[in-house]
**Student:** 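Supplied in structure tokens, the structure appears directly below.
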Amino acid sequence: MALLSGKTALVSGIANRWSIAYAIARAFHAHGAQLVLTYEGERTKDEVEKMASETGGVATMCDVAKDDSLAALRRFLEERGAKVDALVHSIAFARKEELAGKFYATSRDGFALALDVSAYSLVALCRELAPVFGPRASVMAMTYLGSVRAVPSYNVMGVAKAALEASVRYLAVDLGESGIRVNAISAGPIKTASARAVSGFTSILGDVAAKSPLRRNAVADDVANAAVFLASDLSAAITGHVLYVDAGYNIVGIA
Ligand code: NAP
């Protein structure tokens, strides 16, 4: 069943084929969406352009930490007359040394950097792209349980995800009057480049597999299927929500 035919989806955050955004873009394409993919810089350009050409989509550069880059993205869409029906924010960054050890050791500029790239960027993207959103557009951001629980080494990224989830709620109110929905998917741990930067990530994977109700980890395709649902009209009355795709780990008190 093609749930997204006739829709254009902008997917950010593909670094390589292990990225959550890569699985989402593949699932969106399988459900009939037209893809606009963004990459941050030269390092990921080839991989993202390859995927765009394989799926009949387009790719363009966007560094979400730069306002002129966001404006260039809007112009890219306007020049093509594209309306964005689904927007996937799948972006996060914190310095590796701040994803280990004590949270209180986080530097002032490391804190600001993590929150800027990982949370403020969603606000800036929504503001910049508001003129090119389709009438019932669906925006989604990727978050993690470290926003509401203290997870070892997740540190400043947990604070950034808390800001991201709060931003989702405020954006849902702002954009709701235009019929646009804004949600977050809280994914369980998945082995990607970003995840591997978190000290002790492998033991987090083991803990989830042992203690989650489904006794397994979620995989990128699980997240992608939830993203298809959120992008589709099946979720038309859902906004401001954080949808956990984590094999149920978030509900467990004592396992
Ligand atoms: P990933 O493959 O490393 O993706 C992270 C992406 O963020 C990369 O494509 C990276 O681009 C991009 N990025 C960083 N700074 C950027 C900037 N200034 N402008 C534009 N793009 C930028 O890792 P992932 O695990 O799929 O992460 C995707 C999202 O899922 C993140 O929000 C992450 O926090 C969230 N998440 C991940 C997990 C997990 O366990 N993997 C769990 C829950 C939530 P470059 O590589 O080119 O820098």
**Student:** Can you name the nearest heavy-atom pair linking Ser118 to Leu164, along with the distance?
**Tutor:**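 So the two residues come closest at O-CD1, 3.5 Å.
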**Student:** Closer than 3.5 angstrom, by distance alone: can the side chain of Ser107 be matched with the main-chain N or O of Gly110 as a donor-acceptor pair?
**Tutor:**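 Indeed, once roles are kept as given, a pair shorter than 3.5 Å links the two residues.
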**Student:** Using a cut-off of 6.0 Å, state whether more than 12 heavy atoms not belonging to Arg80 lie near its atom CZ.
**Tutor:**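 Yes, enclosed.
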**Student:** Could you please spell out the steps behind the side-chain contact (heavy atoms from CB on, under 4.5 Å) verdict for Thr60 and Leu77?
**Tutor:** CA-CA 10 Å; Thr60 189; Leu77 294 163; over 6 Å; no
**Student:** Would you check if Arg17 and Met51 make a side-chain contact, meaning some heavy-atom pair closer than 4.5 Å?
**Tutor:**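 Contact flag for Arg17/Met51 side chains = no.
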**Student:** I'd like to know if the side chain of Asn183 reaches the main chain of Ile238, judged simply by a donor and an acceptor atom lying under 3.5 Å from each other, with no hydrogens or angles considered.
**Tutor:**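 Between the backbone of Ile238 and the side chain of Asn183 there is a qualifying donor-acceptor contact (under 3.5 Å).
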**Student:** May I ask you to test the Glu49-Tyr39 pair for a side-chain heavy-atom distance under 4.5 Å?
**Tutor:**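 Of all side-chain heavy-atom pairs linking Tyr39 with Glu49, at least one is under 4.5 Å.
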**Student:** Can you see which heavy atom on Val117 is nearest to which on Ile91, and at what distance?
**Tutor:**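 Looking at all heavy atoms of both residues, the shortest contact is O-CG2, 3.8 Å.
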**Student:** As a quick check of understanding, evaluate side-chain contact (heavy atoms from CB on, under 4.5 Å) for Lys45 and Glu42, giving each step before the final call.
**Tutor:** CA-CA 5 Å; Lys45 183 174 190 261; Glu42 292 301 317; 3.5 Å; yes
**Student:** Examine Val139 and Phe28 and state if one hydrophobic cluster contains both, with Ile, Leu, Val, Met, Phe, Trp and Tyr joined whenever side-chain heavy atoms are less than 4.5 Å apart.
**Tutor:**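 Val139 and Phe28: separate clusters.
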**Student:** Find out if a path of hydrophobic residues (ILVMFWY) with successive side-chain heavy-atom gaps under 4.5 Å connects Val123 to Val242.
**Tutor:**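 Different clusters.
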**Student:** Indicate yes or no for a side-chain donor-acceptor contact from His31 to the backbone of Leu4 under 3.5 Å, with no hydrogens or angles considered.
**Tutor:**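 No.
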**Student:** Measure across Leu70 and Ala124 and return the closest heavy-atom pair with its distance rounded to 0.1 Å.
**Tutor:**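 Taking Leu70 first and Ala124 second, the nearest heavy atoms are CD1-CB, 3.6 Å.
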**Student:** Would a hydrophobic clustering, with Ile, Leu, Val, Met, Phe, Trp and Tyr connected at side-chain separations under 4.5 Å, put Ile20 with Tyr22?
**Tutor:**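 Yes, Ile20 connects to Tyr22 through the hydrophobic network.
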**Student:** Which value, rounded to the nearest 0.5 Å, describes the distance between Ser19 atom OG and Met142 atom CE?
**Tutor:**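 It comes to 12.0 Å.
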**Student:** Is there a side-chain contact between Tyr244 and Ile251 in this structure, where contact means two heavy atoms from C-beta onward sitting under 4.5 Å apart?
**Tutor:**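 A side-chain contact is absent here, since even the closest heavy-atom pair is not under 4.5 Å.
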**Student:** With rounding to the nearest 0.5 Å, note down the distance linking CG in Leu214 to CG in Asp246.
**Tutor:**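 Leu214 atom CG to Asp246 atom CG measures 9.0 Å (nearest 0.5 Å).
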**Student:** Without swapping roles, check the side chain of Ser186 against the backbone of Leu243 for a donor-acceptor pair under 3.5 Å.
**Tutor:**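 No.
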**Student:** So, do Val198 and Tyr144 sit near enough that their side-chain heavy atoms are less than 4.5 Å apart?
**Tutor:**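 No. Closest side-chain heavy atoms not under 4.5 Å.
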**Student:** What residue pairs, at least two apart or across chains, pass salt bridge (Lys or Arg N to Asp or Glu O under 4.0 Å) with a residue in residues 94-113?
**Tutor:**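 Listed by first then second residue: Arg95-Asp109.
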**Student:** Is a donor on one side and an acceptor on the other found under 3.5 Å between the side chain of Thr8 and the backbone of Ala86?
**Tutor:**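 It does not hold such a pair.
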**Student:** If two hydrophobic side chains count as joined below 4.5 Å and joins carry through other members, does Val159 share a cluster with Tyr154?
**Tutor:**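 Unlinked, Val159 and Tyr154 end up in two clusters.
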**Student:** Grouping I, L, V, M, F, W and Y whenever their side-chain heavy atoms are under 4.5 Å apart, do Val151 and Tyr249 come out in a common cluster?
**Tutor:**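 Looking at the clustering, Tyr249 is in the same group as Val151.
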**Student:** Once the angle between the rings of Phe111 and Phe103 is folded into 0 to 90°, is it parallel (under 30°), tilted (30 to 60°) or perpendicular (over 60°)?
**Tutor:**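 Answer is tilted, since the angle falls between 30° and 60°.
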**Student:** For residues 211-240, which residue pairs pass the side-chain hydrogen bond (donor to acceptor under 3.5 Å, both in side chains) check, not counting sequence neighbours?
**Tutor:**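 Only Lys7-Asp233, Arg181-Ser235, Asp207-Lys211, Arg216-Asp222 qualify under side-chain hydrogen bond (donor to acceptor under 3.5 Å, both in side chains).
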**Student:** For a side-chain contact (heavy atoms from CB on, under 4.5 Å) check, start with the C-alpha distance between Glu165 and Val148, then their side-chain angles and the critical distance, and finish with the verdict.
**Tutor:** CA-CA 10 Å; Glu165 291 175 21; Val148 289; 4.2 Å; yes
**Student:** Distance from Asn155 atom CG to Tyr104 atom OH, nearest 0.5 Å?
**Tutor:**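 The distance works out to 11.0 Å.
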**Student:** Could you tell me the separation between the CG atom of Asp68 and the CG atom of Asp63, rounded to the nearest 0.5 Å?
**Tutor:**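 So the CG of Asp68 and the CG of Asp63 are separated by 8.5 Å.
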**Student:** Check whether any side-chain N or O of Ser147 sits under 3.5 Å from a backbone N or O of Lys161 as a donor-acceptor pair, and report yes or no.
**Tutor:**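 Checked: no pair found.
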**Student:** How far apart are the closest heavy atoms of Ala33 and Ala9, and which atoms are they?
**Tutor:**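 So the minimum-distance heavy-atom pair works out to CB-CB, 4.3 Å.
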**Student:** How close do Gly101 and Ser153 get, counting heavy atoms only, and between which atoms?
**Tutor:**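 Heavy atoms of Gly101 and Ser153 come nearest at N-OG, 4.4 Å.
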**Student:** Could you pull out the closest heavy-atom pair between Asp85 and Gly134, with the gap in Å?
**Tutor:**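 Nearest heavy atoms, Asp85 then Gly134: OD1-CA, 3.8 Å.
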**Student:** When rounded to the nearest 0.5 angstrom, what is the spacing between CD1 in Ile180 and CG in Leu129?
**Tutor:**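 Taking CD1 in Ile180 and CG in Leu129, the distance rounds to 10.0 Å.
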**Student:** So, do Glu128 and Leu73 sit near enough that their side-chain heavy atoms are less than 4.5 Å apart?
**Tutor:**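 Side chain of Glu128 against side chain of Leu73, heavy atoms only: no contact under 4.5 Å found.
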**Student:** Show your working on side-chain contact (heavy atoms from CB on, under 4.5 Å) between Tyr120 and Leu115 and close with a plain yes or no.
**Tutor:** CA-CA 6 Å; Tyr120 179 71; Leu115 269 89; over 6 Å; no
**Student:** Just wondering, do Lys83 and Phe133 contact through their side chains at under 4.5 Å, heavy atoms?
**Tutor:**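 Sidechains of Lys83 and Phe133: no contact.
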**Student:** When rounded to the nearest 0.5 angstrom, what distance separates CG in Leu175 from OG in Ser138?
**Tutor:**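 Result: 11.0 Å between the selected atoms.
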**Student:** Is any side-chain N of the basic residue among Arg75 and Glu79 closer than 4.0 Å to the acidic one's carboxylate O?
**Tutor:**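 The answer is no: the pair does not qualify as a salt bridge.
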